[in-house]
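Report on the structure given below.
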Amino acid sequence: MISTIGGQRVSGRIVETEAYVGPHDPACHAFGDRRTERTRCLYGPPGIAYVYFTYGMHWCLNAVTCREGYPAAVLIRALEPLDGLPVMRRRRGDVPDTELCAGPGRLCEALGITGKWNGVPLQRGPLRIVRSGGGGAGKIRVVRTPRIGVTAARDWPLRYVVAQTRWASRPSRRLSVAR
DNA sequence: ACGCAGATTTTCT
DNA sequence: GAAAATCTGCGTT
């Protein structure tokens, strides 16, 4: 994905995501069909950003999926930094490369994402998610684990991590193979 | 390398 | 008023 927020181009390859699926997912913000100001974009058309604030200091980016009216989204949890590492470091501080975008709050800070970008389209504009550019997508192995920081529905593993990547928010040791 | 607690504020009960 | 889709720093092993 690519961010040109603030006139600075930075990009990275998505290596870790989590799914939050509908009003019957106990971990979903819209569990129990909660239509509130915060979850408004979750119910919107697919392909837009759902950005929320949590733990008093962190922003998290989701891509809204499924159909309009059905609250579902994919949380972007980690990126392999590709372009604009100096810009990321300026925003994140002088941390090791592996910690620049490893975690939903971290990657939002590295990309300059705040609540201001809630509801923007992700196909065009300053925040874009594009198909992997020739990086051998389709050949990669993806593993599946329980979602992080989620106590509800631990038996419903909806976290997806590129196998053996060093860029995830935590190591993916021995895990079941997805898909 | 690992575990724990503190930070900090939005959102909803 | 409590909990939260987290991160960091500091303590101990």
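Residue numbers begin at 1 in each chain, while the letters A, B, ... track the order of the sequences.
The P atoms of dG3(B) and dA5(C) are separated by 22 Å, rounded to the nearest whole Å.
When both pairing distances are held under 3.5 Å, dA5(C) makes no Watson-Crick or G-U pair with any nucleotide shown. For dC2(B), the paired nucleotide is dG11(C), the pair qualifying as Watson-Crick or G-U wobble because both relevant distances are below 3.5 Å.
Within the nucleic acid shown, R147(A) has no heavy atom closer than 4.0 Å to any nucleic acid atom.
We find that CD of E16(A) is positioned 9 Å from P of dC7(C), with the value rounded to whole Å. Rounded to a whole Å, the CZ atom of F31(A) is 16 Å from the P atom of dC12(B). As a whole-Å value, the separation of I76(A) CD1 from dT6(C) C1' is 17 Å. Between N118(A) atom CG and dA5(C) atom C1' the separation is 15 Å, expressed in whole Å. Per the geometry, CZ belonging to R92(A) stands 14 Å off P belonging to dT6(C), to the nearest Å. Taking atom CZ of R34(A) as the reference point, atom C1' of dA3(C) lies 12 Å away to the nearest angstrom. R170(A) has its CZ atom 10 Å from the C1' atom of dT6(C), to the nearest Å. For the pair L42(A) CG and dA5(C) C1', the computed distance is 11 Å after rounding to whole Å.
Residues L75(A) and W167(A) do not share a hydrophobic cluster, clusters being chains of Ile/Leu/Val/Met/Phe/Trp/Tyr side chains in contact below 4.5 Å. Under the 4.5 Å side-chain heavy-atom criterion for ILVMFWY residues, no single connected hydrophobic cluster contains both I76(A) and Y160(A). Hydrophobic clustering (side-chain heavy atoms under 4.5 Å, transitive across Ile, Leu, Val, Met, Phe, Trp, Tyr) groups L100(A) together with V87(A).
Of all heavy-atom pairs spanning L127(A) and S3(A), the tightest one is CD2-CB, 3.9 Å.
Phosphate proximity of dA5(C) to R159(A): absent, as no side-chain N or O sits under 4.0 Å from OP1 or OP2. The side chain of H29(A) contributes no N or O atom lying less than 4.0 Å from OP1 or OP2 of dT11(B).
Side-chain polar atoms of S169(A) and E16(A) form a donor-acceptor pair below 3.5 angstrom. Between the side chains of R34(A) and T39(A), no donor-acceptor pair is found at a separation under 3.5 Å.
Within residues 48-61 of chain A, the residues that have a heavy atom under 4.0 Å from DNA chain B are, in order of number, F53(A), Y55(A), G56(A), M57(A).
The residues R106(A) and E109(A) are annotated as not salt-bridged, no charged nitrogen and carboxylate oxygen being separated by less than 4.0 angstrom.
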